Amino acid sequence: MTPDQLISGRIAEAVQNLYRQEAPEAALQLQATRKDFEGDLTAVMFPLLKISRLSPEKTGEAIGEWIREHTPEVESVNVVKGFLNIKLSAAFWLEQLKNIAGTPAFGVQAPSGKTVMVEYSSPNTNKPLHLGHIRNNLLGYSVAQLLEANGHKVIKANLVNDRGIHICKSMLAWQKWGHGEMPQSAGMKGDHLVGKYYVLFDKEYKRQQSELKGQGKTEEEAAKLAPIILEAQEMLRRWEQGDPATVELWKTMNGWVYAGFDETYKQLGVSFDKIYYESNTYLLGKKIVEEGLQKDVFFKKEDGSVWIDLSADGLDQKLLLRADGTSVYMTQDLGTAQQRFGEYPLNELIYVVGNEQDYHFKVLKLILSKLGYPESEVIYHLSYGMVELPEGKMKSREGTVVDADDLVADMINTARDTSMALGKLEHIPAEEQEQLFHMLGLGALKYFILKVDPKKTMLFNPQESIDFNGNTGPFIQYTHARIRSVLRKAEEQGLKAATGAALNEKEVELVKLLGNFPEMVKEAGAAHSPALVANYVYELAKEFNQYYHDVSILKESDEATRAQRLVVLQQIAAVIKTGMGILGIEVPERM
RNA sequence: GGUCCGGUAGCUCAGCUGGAUAGAGCAACAGAUUUCUAAUCUGUAGGUCGCGGGUUCGACUCCCUCCCGGAUCACCA
């Protein structure tokens, strides 16, 4: 039984016995006691005053007294203003520790029988991944881990945007100026190579536009009439007609990009169970259009285009089918959603997509519900804010984009430099050192991004942001390595771990924190927020470091105390490992 | 202009469904190493929680006005 369950049950009984009344659930308010007061849990008396008809102090004293008398686990109580502070006994906390130590995979919830799909990453195949994608990938992967820890079966999905005008731009530029250049010959990752030609296209397109404007065309006309964009559109038409040469080139260049992406995904440590390609799904959704027309949810304009009118819901009219019969983004998404619900019995379908698409997903859900699909309620848009640089937003045309591969390489180098400067890891074999640099560099990056509430815009300063001290990944990784090191030594010395001794004050704090872990995992899962996990693990690591500083483990002469401290250490290490695992961060045995 | 999201210490961020004197880290300053790993720990300093109202025993938290920043309102995806 958790402390909260125990005490709130007792308060309810106390109210029943003292005042002959049922205390409503909402009136039983418990919180952790603030550090400056004596106690473990604090019950707020104000909501109970109506029942007791006494002052807050008197109510607290009466209820406190009753609880103390009737609850062996309660050691003492005190009342400060309207707050009843309750201190639980050492024996109770010891029991908690035993429970934690006796629970395998503590914090991981039992199978829920629910299936959840998390769609994330979903890149375009015309350029390499950048910092914004990193936030997406890390969030998506971590949320998937988090939901798995909540006992759900999770399908990680990636919808690759492999078709459309953007990839034709790269293809066209490569055809024109590539001279057969390939990733191997260029010595570049495939995605970077394709990105290079995308940039070349853009340059030429810009040049042609300004030329046209110089000839008196308007901005809009210039954008539409530039020969190179017409050529790209022509290429897209050929692709859609299945022209063999175009399709061949498309396959080749996409192949390069996939090889490049795979490498980046591997570096980031993210993976997928199911990959969808837009080239296979872009025609989906037309059936839904017909259905919507039949149900009179959609309507057709004179030109043949199909729309839905959402103005009654405070939104606008939304296009679903162009006059030429081709579908748009929304239509495709409706179709793919429907397809997925057919493929899997999904209890939740999560889209990890930036907040610039909040409107899109709002409309998507609304349309599905208007069509009468109950699945609409199961769709969740995990919306995250942009990553900004000190200079402001990332702009590809201004060259301020932070490339994902470069950033990862930088992080690993920083980890190497920092480790070397500290003279750490000298006794570790070179190969393992490299693994550690990777683990630490990525740990720093992942933690830095995931500790921030997803929906907030975050600032990333490449020079200063990523630290290795304080509230960072490496600090937690270090803490874990440190604990494992002590435990290894204990093992070498043949020392046994066992519960049974008295817990000191700091140990009670640690047990309390550990005991909160499962509840925190649930909350974070419900909120789809790895940030809660990150901040929890940091809290635990910090508490541990303070404890570790004050107390000796191996040198402790009392055998029972020493054995129990080893148990505490084991549990902290285990929870750190599980928590960091949810964040997709590996944790070293030594460093 | 409509809608949505944000505004907490110099900087980066926590603060759960309203609860006691608003918390960390970084940066600054002052300390602690014969260590079980100092990538550590302790202390000092740093705040009109964007502004103003309201709701109540109590508001960073809920409601309203306004200010600032961002996103979005495409026959792009």
Side-chain angles (χ1 to χ4, degrees), chain A residues 26 29 31 33-37 42 44-47 49 56 80-83 85 122 124 159 161 163-166 278 282 303 305 307 314-324 326-330 332-333 354-360 362-363 383 385-386 388 390 393 415 418-419 421-422 424 440 448 451-453 455-461 464-465 467-472 474-479 481-490 493 519-520 523-524 527 531-532 534-536 538-539 542 544-556 562 565 569 590-591:
Chain A
Q29 287 186 24
Q31 53 189 285
T33 303
R34 290 184 74 101
K35 289 227 152 68
D36 339 289
F37 300 97
T42 296
V44 184
M45 289 300 114
F46 296 102
L49 302 186
V80 180
K81 293 195 245 172
F83 300 92
N85 301 318
S122 302
N124 289 348
L159 174 57
N161 188 359
R163 67 162 284 281
I165 192 73
H166 55 82
E278 206 197 291
Y282 81 108
D303 64 357
S305 58
W307 298 72
L315 305 173
D316 305 295
Q317 293 196 347
K318 186 83 191 169
L319 176 82
L320 293 161
L321 206 62
R322 296 189 185 100
D324 64 6
T326 57
S327 63
V328 292
Y329 179 39
M330 180 60 71
Q332 294 169 34
D333 259 7
N355 62 10
E356 68 271 14
Q357 293 196 34
D358 285 355
Y359 183 78
H360 173 78
K362 204 170 166 181
V363 172
S383 162
M386 310 188 143
E388 289 186 356
K393 278 180 231 163
T418 308
S419 302
L422 285 165
K424 293 261 172 182
L440 293 168
F448 181 79
K451 78 173 174 190
V452 181
D453 180 355
K455 70 167 177 283
K456 288 199 176 179
T457 304
M458 64 177 291
L459 189 91
F460 184 86
N461 185 333
E464 301 165 16
S465 283
D467 234 305
F468 286 66
N469 303 322
N471 189 357
T472 67
F475 169 80
I476 298 166
Q477 289 171 315
Y478 171 72
T479 303
R482 205 180 200 192
I483 296 173
R484 296 303 308 169
S485 163
V486 175
L487 290 171
R488 239 186 342 265
K489 282 205 173 133
Q493 294 174 24
E519 201 52 39
M520 186 281 302
E523 265 175 46
L532 293 179
N535 287 300
Y536 168 87
Y538 170 64
E539 189 67 27
K542 200 174 60 159
F544 169 77
N545 275 298
Q546 289 168 3
Y547 169 67
Y548 184 77
H549 209 261
D550 293 346
V551 116
S552 42
I553 314 291
L554 300 177
K555 288 177 186 165
E556 170 60 46
R562 188 183 59 215
R565 285 180 179 167
L569 261 61
R590 57 175 174 173
M591 66 183 268

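On a predicted model such as this, the values are computed, not experimentally measured, just so you know. All chains are named by letter (A, B, ...) in the order of the sequence lines, taking the proteins before the strands, and each is independently numbered beginning at 1.
- Scored by the salt bridge (Lys or Arg N to Asp or Glu O under 4.0 Å) test, Arg590(A) finds Glu432(A) as partners (sequence neighbours excluded).
- Among the protein residues, Ser419(A) comes within range of the nucleic acid bases, having at least one heavy atom under 4.0 Å from a base atom.
- Distances shorter than 4.0 Å separate none of the side-chain N or O atoms of Gln546(A) from OP1 or OP2 on U40(B).
- Using a 4.0 Å heavy-atom distance criterion, Met591(A) is classed as a base contact.
- Applying the ring-ring contact (aromatic ring centres under 6.0 Å, His included) test to His166(A) and every residue at least two apart in sequence or in another chain returns nothing.
- The nearest heavy atom of RNA chain B to Val44(A) and to Gly314(A) marks one nucleotide each, and the one closer to the 5' end goes with Gly314(A).
- For the side-chain contact (heavy atoms from CB on, under 4.5 Å) test, residues two or more places apart in sequence or in another chain that qualify with Arg34(A) are Asp36(A), Phe37(A).
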Please list, pair by pair, any protein nitrogen or oxygen found under 3.5 Å from a nitrogen or oxygen in nucleotides 75-77 of chain B.
{"from": "C75(B)", "atom 1": "N4", "to": "Asp303(A)", "atom 2": "OD2", "distance (Å)": "2.9"}
{"from": "C76(B)", "atom 1": "OP2", "to": "Arg322(A)", "atom 2": "NH2", "distance (Å)": "3.0"}
{"from": "A77(B)", "atom 1": "OP1", "to": "Arg322(A)", "atom 2": "NH2", "distance (Å)": "3.3"}
{"from": "A77(B)", "atom 1": "OP2", "to": "Tyr329(A)", "atom 2": "N", "distance (Å)": "3.4"}
{"from": "A77(B)", "atom 1": "O3'", "to": "Glu278(A)", "atom 2": "OE1", "distance (Å)": "2.6"}
{"from": "A77(B)", "atom 1": "O3'", "to": "Glu278(A)", "atom 2": "OE2", "distance (Å)": "3.1"}
{"from": "A77(B)", "atom 1": "O2'", "to": "Asn161(A)", "atom 2": "ND2", "distance (Å)": "2.3"}

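- Look at Phe475(A) and the base of A39(B); the rings do not stack under the cut-offs of 5.5 Å between centres and 30° between planes.
- Residue Ala481(A) is in base contact, counting any heavy-atom pair closer than 4.0 Å across all strands shown.
- Residue Phe83(A) and nucleotide G19(B) are not classified as a stacked aromatic pair, given the requirement of ring centres less than 5.5 Å apart at an interplanar angle below 30°.
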Every protein N/O lying under 3.5 Å from an N/O of nucleotides 4-7 of chain B:
{"from": "G7(B)", "atom 1": "OP1", "to": "Lys456(A)", "atom 2": "NZ", "distance (Å)": "3.1"}

- Message: I'd like to compare against my own output: the B/S/- annotation of nucleotides 56-63 of chain B with a strict under-4.0 Å heavy-atom distance to protein.
- Response: -B------
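- Lys555(A) comes within 4.0 angstrom of a nucleotide base, judged by non-hydrogen atoms across all strands.
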Set out, line by line, the N/O atom pairs under 3.5 Å between protein and nucleotides 22-26 of chain B.
{"from": "G23(B)", "atom 1": "OP1", "to": "Arg34(A)", "atom 2": "NH2", "distance (Å)": "2.4"}
{"from": "A24(B)", "atom 1": "O2'", "to": "Tyr538(A)", "atom 2": "OH", "distance (Å)": "3.2"}
{"from": "G25(B)", "atom 1": "O2'", "to": "Asn471(A)", "atom 2": "N", "distance (Å)": "3.4"}

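- Between Phe460(A) atom CZ and C13(B) atom P there is a gap of 12 Å when expressed in whole angstrom units.
- For Glu356(A), the salt bridge (Lys or Arg N to Asp or Glu O under 4.0 Å) test picks out no residue, with sequence neighbours left out.
- Across all strands shown, Ser383(A) has no heavy atoms under 4.0 Å from either base or sugar-phosphate atoms.
- The salt bridge (Lys or Arg N to Asp or Glu O under 4.0 Å) check on Arg163(A) picks up Glu240(A), Glu278(A), with sequence neighbours excluded.
- Remark: RNA chain B forms stems of 3 or more consecutive Watson-Crick or G-U wobble pairs, all pair distances under 3.5 Å, at B:1-7 with B:67-73, B:10-13 with B:23-26, B:28-32 with B:40-44, B:52-54 with B:62-64.
- Under the rule for a salt bridge (Lys or Arg N to Asp or Glu O under 4.0 Å), Glu388(A) has no partner lying at least two apart in sequence or in another chain.
- Nucleic acid contact class of Ile553(A) (heavy atoms, under 4.0 Å, all strands): base.
- Shown here are the ring-ring contact (aromatic ring centres under 6.0 Å, His included) partners of Phe460(A), two or more places apart in sequence or in another chain: Phe448(A).
- Contact annotation for Asp453(A): backbone-only contact, meaning every heavy-atom pair under 4.0 Å involves sugar-phosphate atoms and none involves a base.
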